Amino acid sequence: MASPKTELNPDSSISLPPGIAVSGAPASPFARRAHPEPAHPYRTPFARDAARILHTRAFRRLAGKTQVFTRLPGDPPGDHFRSRLTHTLEVTQISRTLARALSLNAELAEALALVHDIGHPPFGHAGEKALDTALQAHGLSFDHNLHALRIVTWFEERYPAFRGLNLTLAVREGIVKHSRDYSAAAHPELAEYFLDRFPPLEAQLIDLADEIAYLTADLDDGLDSGILSLDEVREAVPLFREFHDATKCSYPSAAPRLAAYEALRRLLDALVTDLMDAVRARVAALGATTLDDIRRAPTRLAALSPEMEALRASAKKFLYASLYNSPGMEDLHAHAEQVIQQLFAFLMADPGLLPTDHQAQIPTEGLARTVADYIAGMTDAYIEQLWSRCGGR
Ligand code: MG
């Protein structure tokens, strides 16, 4: 049997320098919590954070939130399409693989992947856009990273000693820096999150694991639903075509569905492998050996190679045109927009409809933000019910 060391890192030449990983030692500044807690006898701070996230109500609600689509227009919800929850679990699997293979902190990567979509409102991207539009009328905006931070620092109430989950600094910083960099001037409230520096690689990699997970999953769900045809995917996504041809050579009699799965599996593997190679090459080119080198680098270092990035970007463009914004999906988006806008208006007009714990937020947060916070937490099914109970149609 392989030794544990060999299992974790099959080839030490693929590791990054050990000083680049975030230290999970309880005394590490990244493990700092707003409310100091004694170290656990056998769990690291980031493993505890991953568990805290997993046990929240907000995490469980991801099961009832749309990722891209959960049903075809006119159909009841399908059981096999990705939800935000299954997408999150796929991102977590990819992130753990990346972090382990690069000798980064896999427990931190896992915690960040589990939390990365926790701030998303119902109805996927259409829901987020509609909520943002509703808030714009009040001089505010909706940002799912900042909402995620509020969930873990305030809305989740599970501990008698503090509000929120009391997560470590590294996890809170990773939440704030998921896929974007905020300016310190525009966001003085985020000052403790080192806005002048890039996040550690563990956090940077989540953005790419997210892209890789949904690119391959959306091709899969698109084919499965019949919205995308095999021919158009082969035509529009050259990497898929290459792996699909190779699969047909290896398994000439494979059922079409299995050949497509195999091509997608190889595509996912190629993206992850390219990302690891590209990160290692960038770290080596920079001569980075410490976490601080990564944080002060001229750019984020976690990115695909330029060739693979071009292929990914063109595949994503195809998904926008043929899946995300396809005619049937537009009807679902219009419905999502209508439900969110109308419910927002109902709640603004009658704040008595808000649960009492949300009403208590009005004096500090203002009514519009409070209404948006309530809506953002809802599942697709819950918002539909409340909307029709309020007279929405
Ligand atoms: Mg995501």
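What you see is a predicted model; the values in this text were computed from it and never measured. Start at 1 and go down the list; that is how both ligands and their atoms are numbered. Residue indices begin at 1 and follow the sequence shown.
- Its N, O or S atom nearest to the Mg ion (ligand 1) is what matters here, and for Asp210 that atom is OD1.
- The structure places CG of Asp380 at 12.5 Å from CZ of Arg61, a figure rounded to the nearest 0.5 Å.
- With 2.8 Å as the limit, His87 counts as an N, O or S neighbour of the Mg ion (ligand 1).
- Of the angles at the Mg ion (ligand 1), the one spanning OD2 of Asp117 and NE2 of His116 is 90° when given to 10°.
- Contact check on Arg150 versus Asp373 returns a salt bridge, with a Lys/Arg side-chain nitrogen under 4.0 Å from an Asp/Glu carboxylate oxygen.
- A salt bridge links Asp220 and Arg82; the closest N-O separation between the charged side-chain nitrogens and carboxylate oxygens is under 4.0 Å.
- Under 3.5 Å, the side chains of Gln93 and Thr97 contain a donor-acceptor pair of N or O atoms.
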